[in-house]
Amino acid sequence: MLNAILSVALVLGTLTAIPSVLMAIRDSLYSIVLIDVLAISWLFVLWRGHFLSFSAKSWNFLFIVYGVGVFFLFKVGPVSQIYLMAVPVLTALLLGLRSAVFVLVLNAVTLISVGYAFDIDLQFDRYHDQPFLRWIIITLNFTFISSVITVSCAVLLRRLEESLRKQLQISLSLQEEQNSLKKANEELRLISAAVENLNDMVMITDNNLQEDGPHLVFVNKAFERSTGYSRAEAIGRNLEMLYGPNSDIHEVHRIRSAMSTRHAIRSEIISYTKSQEEFWLEVDIRPINDQQGKCTHYVAIERDITDRKKAELDIYRLAFFDVLTGLPNRRLLRDRMGVQLANAQRTGNYSAVLFIDLDHFKTINDARGHATGDLLLVEVASRLNQLLREVDTVARIGGDEFVVLVDSLDPHIEVAGKLALTIAEKIRHALSQDFILNGQVYSSSCSIGVSLMPKAVQKADDLLRESDTAMYRAKSAGRNQIAFFEGNMQIEVEQRLTLERDLAKALEQNELQMVMQAQVNKDAQAVGAELLMRWNSKTRGMVSPALFIPLAEESGLIVKIGDWVLSEACTILKRLHANGFQFPLSINVSPKQFRQKDFVEKVRSILEQHQVSGEYLIFEVTEGLFIDNLPETISRMNILADLGIRFSIDDFGTGYSSLNYLKRLPLYELKIDKSFVQDVPGDANGMAIVVSILSMAKQFGLKVVAEGVETIEQANYLIENDCDSMQGFLYSRPTAPDVWIANQVPSAA
């Protein structure tokens, strides 16, 4: 602003000075010429110069105007007051009101002192006889007008400055808001783009719970892709547009209730596309509240979990149902038997368990192949289902063995026994009729053992054992017979007790020993081995593990035996390492042993005692371990994993198979049960199960060991399907470790 004033003053001053200088030269008034030239030159220096501060420049400029005004006071007279009046106005403009007041006082002092002292003629004709009074009047009038103009100018400038400052503040505020709005718009654009391109379905509704509401106000592209509805078709409709006949009505009511109370909810429900195709949705609905906490909208995030549900259903069926016949398996049967036993004990109504075994089934299998045998089993299952009520249970527990659980026969044991015998006779007669399989006629029969419930302190396992014992009694009577579990069968129970006592002494008498069965890769090289227990009784001879292992489990001896097995495994490991074999050993750990409070400390102590690393041990556990208290089981497995120990699921697919524990546990491998392996490659169902397990293990990053490999065809099939290792008589029979080492060449030193 100062430079602009200086430039204007310089131009106008120069234009004004030219005629003034010419007239002054004509009249020989050289002092005026000197003052004009000096003032113009000074102005030019101030305008072009950058060596002075704003304040210094301003005072110099004011001094020029003031000096010219004082000079003209002497030389020209009245016109000088114009210059003097301009000084405080310019001061107010450049330096503020305080400096302007100082200049007003200076002007007043100058007028009265210079005018009175030098008796300057200002053409004021009054009071010639009183010159001092005359100059006081001139000074007062001049100062008054000058003050009014100066103060007005200063106030105006102050107001203008404040206005400009406010405008600047408003401008800065607007700029900040614009920047904030721009940032918010960018964030909104990014959020909108992210929501639009999410794989999960995103839906937003209003909060109108009336009039068939709330209504959709937004859906993203994933919604359109998954449901087949366009955005235009969906907007304005209710969330329930996706529900259909198989949608769980209880879940629908639960979602409605949560939304009516403004609560968040998560649910899994069957939904339908526009073309009425079913798919599973995981629904997460949450209210959106404004700043006052009032619900204005709902947002629903939904994802397609059809594949997960299908996998869970497959695993559930594998865990609880027989793949071939679709009947409940042993696991589900035991659960239902436990429920039925509790009901029978509560109501007093007797029920029955019928254990059915087909006679000479192996002959049909061997003569016509497993495919024909499978067809026969399917037909048997169908006939059993047709004979029984919906409340009864028909289960296949393995091979050609079926169990029928007959519910609520009669409160009187004699009547219940007669009814059970009638049902058993119907079953025996039905299964004795010819079967037509692939155009061929096959005859068969069955042996049936019957046990009644409830009895004192009877359990589900007792029922199976009793009916199984009765069934063998029927077979020994000539097959195609029916036998009840009678009191004199208790003799067999006593024999089991004697066996239990002998087993307890077997450890002390060194009758137990460990044998080793190698696990080989596709090149038939040993990459691991499983340690198996054998009992060579001094009085009984060799006792089958199938006999004494379940007995050890039931009696609790398995805990003490398991500790011995772990110690033996460490000793065998050191022997293998000494002979150049570096592969790991697998040992079986029972659920009862694993759940002992001091199990982890025992393992740690035994490893330290033998100075063996846990990395060379694999604990084989059954799926029954994961039924109870899964969080504690996971915690204990993680501690053992920190010791280097790895975990394998033994007999996978025959028990409690679940994706839930597969993804949560620190597992290393799965072992395919030999009952599945023996059916490949000739049986389609067996192959489907094996391939499913191999594929699932690969998805979870788990190794797979196939048990019971006995033929080269089985091995080739497993190798073709990328099975990691195999175990069975084809490669190695269970052998004492010293004998195995003596017959091998180390594969790794």
Side-chain angles (χ1 to χ4, degrees), residues 266-268 280 282 284 305 307-321 328-339 342 459-461 549-550 552-554 556 558-559 562-563 566 586-604 614 617-673 689 692-693 695-705:
R266 176 170 290 182
S267 173
E268 294 180 357
W280 273 94
E282 182 181 72
D284 192 351
I305 57 171
D307 291 340
R308 192 189 83 191
K309 282 292 184 180
K310 184 177 181 299
E312 289 178 355
L313 181 60
D314 290 342
I315 293 298
Y316 174 79
R317 287 173 176 166
L318 186 63
F320 293 102
F321 291 88
N329 62 10
R330 181 184 294 270
R331 167 66 183 163
L332 185 54
L333 174 67
R334 290 181 73 253
D335 289 346
R336 292 186 180 179
M337 287 177 67
V339 173
K459 297 181 180 179
D461 289 338
I549 293 296
E553 282 278 359
E554 295 171 9
I558 195 67
V559 176
D563 296 341
L566 179 58
S586 300
I587 61 173
N588 290 279
V589 176
S590 77
K592 186 172 293 186
Q593 178 188 4
F594 187 90
R595 293 192 179 105
Q596 297 297 308
K597 292 183 178 179
D598 60 347
F599 177 67
V600 173
E601 291 305 318
K602 280 185 179 179
V603 173
R604 183 182 283 112
L617 283 176
I618 297 175
F619 284 179
E620 292 189 8
V621 295
T622 60
E623 295 163 307
L625 178 63
F626 313 125
I627 296 175
D628 299 322
N629 204 350
L630 185 59
E632 182 181 346
T633 300
I634 293 174
S635 174
R636 189 167 293 186
M637 290 179 71
N638 284 327
I639 295 173
L640 292 170
D642 291 339
L643 298 176
I645 292 170
R646 291 170 285 182
F647 289 90
S648 173
I649 304 297
D650 196 14
D651 300 335
F652 181 76
T654 62
Y656 176 71
S657 302
S658 171
L659 285 177
N660 181 50
Y661 76 73
L662 283 182
K663 68 182 181 181
R664 295 175 62 187
L665 295 175
L667 298 177
Y668 171 70
E669 72 180 14
L670 304 179
K671 296 194 75 174
I672 304 178
D673 185 64
I689 294 173
S692 296
I693 294 174
S695 175
M696 181 169 51
K698 184 177 181 181
Q699 292 296 322
F700 283 98
L702 302 176
K703 300 289 185 181
V704 177
V705 178

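Counting begins at 1 with the first residue of the sequence. All values derive from a computational prediction rather than experimental measurement.
- Under a 3.5 Å cut-off, the side chain of N329 and the backbone N or O of L332 do form a donor-acceptor pair.
- Within the 4.5 Å cutoff, the side chain of F320 has heavy atoms near those of the D335 side chain.
- Side-chain contact between F594 and M637 is present, with heavy atoms from C-beta onward closer than 4.5 Å.
- Side-chain contact between L566 and F619 is present, with at least one heavy-atom pair separated by less than 4.5 Å.
- Heavy-atom minimum distance, N588 versus Q593: O-OE1, 4.3 Å.
- In this structure, L640 CG and L617 CG are separated by 10.5 Å, a value rounded to the nearest 0.5 Å.
- Between atom OG1 of residue T633 and atom CG of residue L665 there is a gap of 8.0 Å, rounded to the nearest 0.5 Å.
- Summarising the geometry, atom CD1 belonging to I587 is positioned 10.5 Å from atom CD1 belonging to I618; distances are rounded to the nearest 0.5 Å.
- Of all heavy-atom pairs spanning E553 and P591, the tightest one is OE2-CD, 4.2 Å.
- Note that CG of L630 and CD1 of I634 are 4.0 Å apart. Values are rounded to the nearest 0.5 Å.
- The shortest side-chain heavy-atom distance between V705 and I672 does not fall under the 4.5 Å cut-off.
- You'll find the side chain of V589 stays beyond 4.5 Å of the side chain of F647, heavy atoms only.
- Minimum interatomic distance between K602 and V559 (heavy atoms only, all atoms of both residues): NZ-CG1, 4.3 Å.
- In this view, Q596 satisfies the side chain to side chain donor-acceptor pair (under 3.5 Å) rule with no residue, not counting sequence neighbours.
- Residues R331 and E623 fail the side-chain proximity criterion, which asks for heavy atoms closer than 4.5 Å.
- Contact detail for R636 and R595: the closest heavy-atom pair is NH1-C, 3.3 Å.
- Between A460 and G338, the closest heavy-atom pair is CB-N, 4.2 Å.
- A 6.0 Å sphere centred on CZ of R646 holds more than 12 heavy atoms belonging to other residues, nucleotides or ligands.
- Within the 4.5 Å cutoff, no side-chain heavy atoms of V600 are placed close to those of V603.
- In this structure the side chain of M337 never reaches within 4.5 angstrom of the side chain of D461, judged on heavy atoms.
- Distance check, rounded to the nearest 0.5 Å: CG of L667 to CG of L702 gives 6.0 Å.
- The side chain to side chain donor-acceptor pair (under 3.5 Å) search around S648 returns E669, not counting sequence neighbours.
- One finds the NZ atom of K671 at 11.5 Å from the CD1 atom of I649 (value rounded to the nearest 0.5 Å).
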